[in-house]
Every structure is written in structure tokens, then in C-alpha cells.
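In what follows, a single structure is set out as C-alpha cells and then discussed.
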Amino acid sequence: MPHETELIATIVMSLVVAFAGGFVATKVRLPPLVGYLLAGVVIGPFTPGYVGDQELANQLAEIGVILLMFGVGLHFSIGDLMAVRKIAIPGALGQIAVATVLGMVIAMLWGWSFGAGLVFGLALSVASTVVLLRALEERGVLDSGAGRIAVGWLIVEDLAMVLALVLLPALAGALGGDPRGLAGQAGGGSLWLTLGLTLAKVAVFLVLVLVVGQRVIPWILTQVARTGSRELFTLAVLAIALGIAFGSAELFGVSFALGAFFAGVVLAETDFSHRAAADSLPLQDAFAVLFFVSVGMLFDPSIVVREPLATLTVLGVIMIAKTIAAFGIVIAFGYQVQTALLVSASLAQIGEFSFILAGLGVTLGLLPTEGRDLILAGAILSIMANSAVFAVTARIGARHAAGRGAATPASEPRGTEEPVLEAGPPIPAAGHAIVVGWGRVGRIVVEGLESMDLPTAVIEQDRQRTIKLRSSGIPTVLGDAAVAGVLEHAHAATAKVLILAVPESFRTSGIIELARAQNPGIEIAVRANSESEVAALAKQGVGLAIMGEREVAFGLMDYALRRLGTPANATQVFIQTMRGTGEGGAFERRPEELARGTPELRAHREPEVQGG
């Protein structure tokens, strides 16, 4: 293949095969991440067929690491951590210590060096953020007491791994590795001098980012936002993330990952955090996929056959030793068995930080490639088996609760107060409306329903909005309605109406399918973004599909006609006529229409009573 097309071929094949792998993984109820890793195996050098350029894939993966860590920083919440700090901090550090020591002992029994054992053990100790959050969300327990503990625990693990990424290059020489394996790291010299210089550089970097950056970055984003250009704002966010990451590595010898993480932390404290997360998400997702594909390309699947005992040993540390350690720690702090089971099950896997640590260990000459392969095998297999771990722990929890009779709340430690946020008002049992999304549109809908004293529940992904809703007395589920289990938590099976007020049209189809599976007779109203979407939603059998821009245009037209002297009645008749003759804009199914019939596009009827 000509050299000039190698980059294009690597990107295209990575994304195409990853799409296929992720789609298949989702269909068999596995996390898409498994499909991305297996896609890397398919185009890697250890399997027949097309082989991607590993060097180019590694450079693309570096961008993926930067954006992945930027996303971790952007969603980092000191509030989440402080709410459960009494259990999350000692618990996470204790479990990391247990897993790391076990990994070191196993590595030394295999004849590896102390440094290899340290990297190996650390890589086995940290759970995947992506897998943990999705698993909790699917089960509707993300905002439960146990869910908040698991998230706080994960935050501590992430912070510990960030520190490890900083210290490992400085300690590589003392640990038996090659500090020159990382570009920009100086070898030789006293260990304490090297460590001191590293920490001093990190301190200067943190001062610049957290003190100066907190003033400069919001100012820059404010100026960009005033231009009104979404493209420029997205570019500014990416420039800040990539620029700080690259600058931290070039000027201070700090890893890309650390620089990107703190760039996200700084941006998370600004008023633009939600917009920055939304605008950077597509590129972040795309390069994160390339990162997982590049990791898969490094994996030699034959190690599972060549070293089955070693593979099972790694799985034992991840899925058994870590689970037992987490369970024991949570119980020791006085929490109920159900809480300990949920927390330990959610942590019984490893993921993205493990890949980053393994890659760094190999680069520094600390970890043998065999160790990296075992870590990747452990990650893939533990992620695939995580649902089974949840099923087993759920059965154990159910038997324990049945044996004790009426159980106390799973998140409440014995003899202590609930260390998590209030659960909020209960979800209505039946006959209620579910509003998905509490943005500009959903907020108005909820206000109208509440003003008429109609039973309402909201599903919202943003935690701060959820807190505000619950404090206002509105029953709210924290999670993504497109994830199985979240609608069930909102009692969709007994709800009367489902209103999809989210702007992301690609989510609506999946939400509708999940809702129909639970409640075939539920009435559904959907916000659409184009006439083609309105038509597609009509074919899907929704009760109402309405395009916002068209209704805005009618509102502006109404104002202009009345100010130009047209009588109010004539104006309303004219606009209603335009609604009826226009192509798309709004669709409402008549009650007598059969769901399987061909829908009729017509004007949205004027309500006889205005609801708030």
C-alpha cells in the first residue's frame, strides 16, 4: 500500500471494524468496549488478514488517551467524592494495596522483576470507568447509596493511577527499567534528586493550570462563546485540552494523561462544562475507540492458549481477590451486605487505566510484553463476565435478605447516618407521565404537568439537574433512558405517557423500542429536529412528533402578522392552515388511528385547555 494512504487506511479500518465489533457486542449484551478491543485483535499482527500500522495507531491512541483523560477530568466531581469519603478513600486505597501486593507476589513467582510486579499489580487494581458507570446505570442504581460509594471509590482509584503515571517514569531507573524509554525523561542521577525534580515540575504545572488556568481558561471560553460560533467553541475546547496536554509533556515532563486530566478538572469548574462536554464528546468517543483498537492490536490472543494457568490467575486476582477485598472493606465499615455486594461486583473488572499503565510499563522497560498480554486478556474476559458477577452477587444478596426478613436499606451503614444524597420523592406507581430530559424544552413540559398536579417523573443524565429536581419535589431518575433498566426504574411499564424532550435524535429510536417492550400501550410524544425525523417517528407509531424550529417560526410569524395589523383570529386561522399544509413540522396520531396504519401528517390540534 502506498505510504501516503497508510494513515487513512489505519483510521478507516480501525473505525469500520470497531463499529462492527461494537455492534455485535451490544447485540449480545456486552459492553461495546469489548468489541473495540476485539476489533484491534482482528486488524493486529497476531491474526491473519489486514494488518494496521502499529506506529500510526499508537500515535492516534495518544490523542485518544488525552481526550479520554480530559473527559475523566471534565466529569470529576469533588462533591461525589466528599459525600462518601469516609468509605471511598480508605476502601479504594486498601483494595489497590491488596491487588497490587498480590500482583507483585505472582509476578515475582513468575521470575519477573520488582518493577514489573509493581506495574502489573497496579494495572490489575483499577476498574474501568466506562464499564462501571454503564453497569450501574443499566441496573438503575447509579444514584443509589451503593452506586455513589462505587463512583466515589472509582474516583479515588483514578486519582491514584494519575499519581502512578507521574511517578513511574521518575522511578523507572530505580525499579530496573529504562527511564529513557519515555521521550523527555532524563535518565541517571540520584533517585531522590530525580523524584524531587519530577514532583517540583508537577507542582509548578499544577499551580499554572489550577491557579492561572482557572482565570484564563474561563475568560477565553467567554470570549469565544460571545462570537456565537459553535465550531469555534468546539475548536477552543479541543485546543485547550490538547494544548495543555502537549505543553505539560514538552515543558514540564508531565505525561499527556496528567495534563489532559487537569485541563478537564479546570474546565469542569466553569459555567461552560456541560457545553464543553457535549461539543467534544463525538471526537472524544471516536479517538477513544481508536485507543481501544490500538490496545487490541497489541494483544496476542494465543497467550490464552499458551498460558491458560497464568490467564486464570490474573482473572482470579481481578474477579475474586478484588471482589473479596472490596466486600470485606465495605462490611468492616459497617455497611449492609447488599451494599458490599454491589460495590464489589462493580469493581470486578479492569479497563482503560490498566491499558495506559501496561503501555507505560512496556515503554519504560519495566513490564514484559507477556505481562501486557495477560493484562489485556484479563481485561477482556473480566468485562465480558462482569454481568455474570452482578447476577451471582444479586442472588447472594437476595438469599441473605430473605434469610434476615425485612432488610434495612442497602446503602445504610449500621448505626450511622446515610452518607449519600437524598433519594428524593418516590416515582409514581402508575398512570404517570415520564419526561426524558430536563433541558430548555423538558423544563417547560415538567412545569406544565406539575402546575396541573399531574403525576410526573423525570429521567435526567446530569447529576446537578437531578439534585435540583429532587430538591423541588419532582421524582427523578438519574441515568440515560436509552440504557436498559433506566426506564424500568421510572416505572415505564405502568406509565401512561412518555415525552422525549432530548435534542439528540439518535437516542429516541432506542428509547422508544425499550419503552414499547415494557409497555406496548404507552403514549409517546417526541421532539424532532427535521421533517424527515417527523416522518420516521410517525412510521414508528408515536403519538406526537413535533419539530421545534417550525413551531418557533410560527410563533414569530404570529407576532409579525399581528403587529402589521392582521386580526388575531385571522392570524390563528392562517397559521393553522400553514401547519396543515406544510410538509412535516408536527404529526399527531388521532386516537382512532391504528398503530400499524399509515400515519397522517396534519396540524397539531390546538388544546382546549392550556396546561400551565
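Sequential numbering from 1 along the given sequence is applied to the chain's residues.
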Next item on the list: Count the heavy atoms of every other residue, nucleotide or ligand shown that sit under 6.0 Å from CZ of Arg306, and state whether that count exceeds 12.
Entry: yes
Check: Would you find a donor on one side and an acceptor on the other, under 3.5 Å apart, between the side chain of Thr393 and the backbone of Ala345?
Finding: no
Checklist line | Rounded distance [0.5 Å steps], OG in Ser128 versus CG in Leu33 | finding: 5.5 Å
Margin query: Quick check for you: to the nearest 0.5 Å, what is the distance between Asp285 atom CG and Leu67 atom CG?
Written below: 10.0 Å
Check: Backbone N or O of Ala97 within a donor-acceptor pair of the Thr100 side chain at under 3.5 Å?
Finding: no
Margin query: Quick check: closest heavy atoms across Ser382 and Ile350, and the distance to 0.1 Å?
Written below: OG-N, 3.5 Å
Note to self: Taking the side chain as everything from C-beta on, heavy atoms only, tell me whether Ser354 gets closer than 4.5 Å to Leu124.
What the structure shows: no
Check: Can you find a heavy atom in the side chain of Glu157 that is under 4.5 Å from one in the side chain of Gln95?
Finding: yes
Check: Any side-chain heavy-atom pair from Trp110 and Glu370 closer than 4.5 angstrom?
Finding: no
Margin query: To check you understand the geometry: which heavy-atom pair defines the closest contact between Gly361 and Val119, and what is its length?
Written below: CA-CG1, 4.1 Å
Checklist line | Verdict with supporting geometry, Trp153 and Ser346, side-chain contact (heavy atoms from CB on, under 4.5 Å) | finding: CA-CA 10 Å; Trp153 195 298; Ser346 64; over 6 Å; no
Next item on the list: Look up atom OG in Ser294 and atom CZ in Phe287, then write down how far apart they are to the nearest 0.5 Å.
Entry: 11.5 Å
Check: Are side-chain heavy atoms of Lys322 and Val98 found at a separation under 4.5 Å?
Finding: no
Checklist line | Distance-minimising heavy-atom pair for Phe353 and Val126 | finding: CB-CG1, 3.8 Å
Checklist line | Chi angles and distances behind the side-chain contact (heavy atoms from CB on, under 4.5 Å) call for Gln336, Ile331 | finding: CA-CA 7 Å; Gln336 298 297 319; Ile331 290 294; over 6 Å; no
Checklist line | Separation of Leu118 CG from Leu168 CG (nearest 0.5 Å) | finding: 6.0 Å
Notebook entry, point to check: Under the side-chain contact (heavy atoms from CB on, under 4.5 Å) criterion, do Ile149 and Tyr335 qualify, and how do the steps go?
Noted result: CA-CA 11 Å; Ile149 292 172; Tyr335 284 79; 3.5 Å; yes
Checklist line | Within-4.5 Å side-chain heavy-atom neighbours: Ile375 and Phe120 | finding: yes
Check: For Arg372 and Leu367, which heavy atoms make the closest approach, and how far apart are they?
Finding: N-CD2, 3.8 Å
Note to self: Any heavy-atom pair between the side chains of Gln349 and Leu132 that's under 4.5 Å?
What the structure shows: yes
Check: Rounded to the nearest 0.5 Å, how far does OG of Ser387 lie from CG of Leu30?
Finding: 7.0 Å
Next item on the list: Supply the atom-to-atom distance Met13 CE to Ile8 CD1, rounded to the nearest 0.5 angstrom.
Entry: 14.0 Å
Checklist line | Close side-chain approach of Thr311 and Leu381, heavy atoms under 4.5 Å | finding: yes
Note to self: How about CZ on Phe19, more than 12 heavy atoms from neighbouring residues, nucleotides or ligands closer than 6.0 Å, or not?
What the structure shows: no
Next item on the list: Apply side-chain contact (heavy atoms from CB on, under 4.5 Å) to Val212 and Val207, showing your working.
Entry: CA-CA 7 Å; Val212 179; Val207 169; 5.7 Å; no
Next item on the list: Kindly indicate whether the side chain of Tyr50, heavy atoms from C-beta on, has any atom under 4.5 Å from the side chain of Thr10.
Entry: yes
Item checked: Residue of the set Val41, Asp300, Asp373 for which side chain to side chain contact (heavy atoms under 4.5 Å, CB included) holds with Phe46 -> Asp300
Checklist line | Closest heavy-atom pair and its distance - Ala348, Asn386 | finding: O-ND2, 3.8 Å
Notebook entry, point to check: Is the Phe292 ring parallel, tilted or perpendicular to the Tyr36 ring (thresholds 30°, 60°)?
Noted result: parallel
Margin query: Restricting to non-hydrogen atoms, name the atom on Ala18 and the atom on Val289 that form the minimum distance, rounded to 0.1 Å.
Written below: CB-CG1, 3.6 Å
